[in-house]
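For reference, the structure is listed below as structure tokens.
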There are 2 protein chains.
Amino acid sequence: MRGNVFAVTVELVVLTVRDGRLQVLLVRREMAPHAGELALPGGFVRPQEDLLETAARELAEGTGLALPGHHLEQLGSYAAPDRDPRGRVLGVGHLALVPAGSLDTTPVGGHWSPVEETGPLAFDHAVILTDGVERARAKLEYTTLAASFCPEPMTVTQLRRVYEAVWGVEIDPRNFNRKVTSTPGFLLPTEERTSSGRGRPAQLFKRGPATVLHPPMLREPPAQ
Amino acid sequence: MRGNVFAVTVELVVLTVRDGRLQVLLVRREMAPHAGELALPGGFVRPQEDLLETAARELAEGTGLALPGHHLEQLGSYAAPDRDPRGRVLGVGHLALVPAGSLDTTPVGGHWSPVEETGPLAFDHAVILTDGVERARAKLEYTTLAASFCPEPMTVTQLRRVYEAVWGVEIDPRNFNRKVTSTPGFLLPTEERTSSGRGRPAQLFKRGPATVLHPPMLREPPAQ
DNA sequence: CTAATAGTGTCTCTTAGACAGTATGGC
DNA sequence: GCCATACTGTCTAAGAGACACTATTAG
């Protein structure tokens, strides 16, 4: 067969919302190259694996979270000739969204870091992280993906906190409530309500079958 | 280095609008595997090339079109273990949009086919084609990418025909005109007008600097 | 009672969609 | 004149943003 020969890895951008901020799962590399530096979790694709299988396996190994039940999608591939000193390595970035609270214990060998406070990362992982964060921000606009950041069941306020954390903006609670509850299939009401908490108990919802938002929820102010 | 070894190819979904229909550039394979079958243009990534460089080179070889001036973006990677009988080959799909009329001569070794009328394609190229078409359809909603399908300068009607062909819908010319001319930076008016044609001459526009549409142009009817 | 959070209602402004009507060319 | 295409104007309905207000809990 003609052509150059590559090793292929999968890199994971695992995002969650903790303490009101968008955070990413990072690991410290134990082996060369870039030993001791922070990096995205990931690893080599095995002989009989498809890309999504590798990503799901790495997610399970790194966080203990299993599919289905968590959002996982491919971001894109990165193959600059000099991105890995060992030779030509093509990295396929993936985006995973996990609900807050599903990883109360610190994940094995990794830790959470606010996406705006990650220092330099190994390889080109900073670029992959930027692309993953932007993908997540964009998808909140026109899909119901924000619910993937929330445990089930959830309150409308929890969902709104996700939008505020991911976009870094404040959203009017009343207009937000009207928007999400009037979008068919976004949130399915249950009969239950929150029990703890200081104020009036909130109604609990489950994720609905809708995947796209029509019309979308736009984040940018009417740009001048 | 651990891990499996891959060959890496770039596959191109080159789209244009001809005769009021969305069409894709296909080539007939000369060599095994899948000799004689229709396929997307593409080829192996060379030792010192990045993915976008390979895609630009293949686009130039297959169509004679050179970057910059044409839209080219990565779609995603396809790496099912059995997608190529020669062994493990990872294919990176790319989407290219070329203006109608920039390829009046039939491209070397290829031909245009309406996207709804392509028969079976070699490898998993039908999947890549579907993903590319859906990406193009989605991007028309919230970007100014439709202008990449038009030669410069263009009329508002030409731009509307692009939306109608890509989405397969009819759009009210008057509302469309109001929408695109009131979006800052989408179309830049010129002093020129069309000379040939049967009716009133139309004003000619150039592509503006805007890349995103705020608010977007939604394609789906208020779904019930 | 007060504080805190949840949820509803109302008004305005913008914009999409559905039309009618006018303008300017070729023939 | 006629026809074709380009372009403008007007009305209506839907949704976003900006508020005031009510509801239900803990203390």
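We use all heavy atoms of the structure for the numbers below, so side chains are in, but hydrogens, waters and symmetry mates are not. Just so it is clear, the model here is predicted, and its values are computed rather than measured.
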What integer distance in Å separates [X]:[atom1] from [N]:[atom2]?
{"X": "A/Asn177", "N": "D/dT22", "atom1": "CG", "atom2": "P", "result": "18 Å"}
{"X": "B/Asp172", "N": "D/dG9", "atom1": "CG", "atom2": "P", "result": "16 Å"}
{"X": "A/Arg193", "N": "D/dA23", "atom1": "CZ", "atom2": "P", "result": "14 Å"}
{"X": "A/Leu218", "N": "C/dA16", "atom1": "CG", "atom2": "P", "result": "11 Å"}
{"X": "B/Arg219", "N": "C/dG17", "atom1": "CZ", "atom2": "C1'", "result": "19 Å"}
{"X": "A/Leu204", "N": "D/dT25", "atom1": "CG", "atom2": "P", "result": "14 Å"}
{"X": "B/Phe176", "N": "C/dA18", "atom1": "CZ", "atom2": "P", "result": "16 Å"}
{"X": "B/Glu170", "N": "C/dG17", "atom1": "CD", "atom2": "C1'", "result": "15 Å"}

Query - Presence of B/Lys179 side-chain N/O under 4.0 Å of C/dA16 phosphate oxygens OP1/OP2 - result: yes

Query raised in the report: Can you check whether B/Arg198 has a side-chain N or O nearer than 4.0 Å to OP1 or OP2 of D/dT5?
Result: yes

Query raised in the report: Checking all strands, does B/Thr157 fall into the base, sugar-phosphate, or nothing category for heavy-atom contacts under 4.0 angstrom?
Result: sugar-phosphate

Report task. Without swapping roles, check the side chain of A/Arg135 against the backbone of A/Leu75 for a donor-acceptor pair under 3.5 Å. Result -> yes

Query raised in the report: Looking at side-chain heavy atoms only, is the closest gap between B/Phe149 and B/Leu22 below 4.5 Å?
Result: yes

**Report entry** Aromatic ring pairing B/Trp167/B/Tyr163, orientation class (parallel under 30°, perpendicular over 60°, tilted between)
**Finding:** perpendicular

Requested in this report: Give a yes or no on whether a donor-acceptor pair under 3.5 Å exists between the nucleobase atoms of D/dA18, that is its base, and the side chain of A/Asn175.
Outcome: yes

Report task. Could you tell me whether the side chain of B/Arg174 has a donor or acceptor atom within less than 3.5 Å of a complementary atom in the base of C/dG21? Result -> no

Among the nucleotides [options], which one has an atom lying closest to any side-chain atom of [X]?
{"X": "B/Ala202", "options": "C/dT5, D/dA6, D/dA4", "value": "D/dA6"}
{"X": "A/Arg178", "options": "C/dG7, C/dT5, C/dT10", "value": "C/dT10"}
{"X": "A/Arg200", "options": "D/dC7, C/dT10, D/dT24", "value": "D/dT24"}

Query raised in the report: Do A/Thr54 and A/Glu49 meet the criterion of a side-chain donor-acceptor pair at a distance under 3.5 Å?
Result: yes

Requested in this report: Please figure out whether A/Pro201 or B/Ser195 has its closest DNA chain C nucleotide nearer the 5' end.
Outcome: A/Pro201

Query raised in the report: So among A/Leu97, A/Val166, A/Val98, which one has a side chain to side chain contact (heavy atoms under 4.5 Å, CB included) with A/Val17?
Result: A/Val166

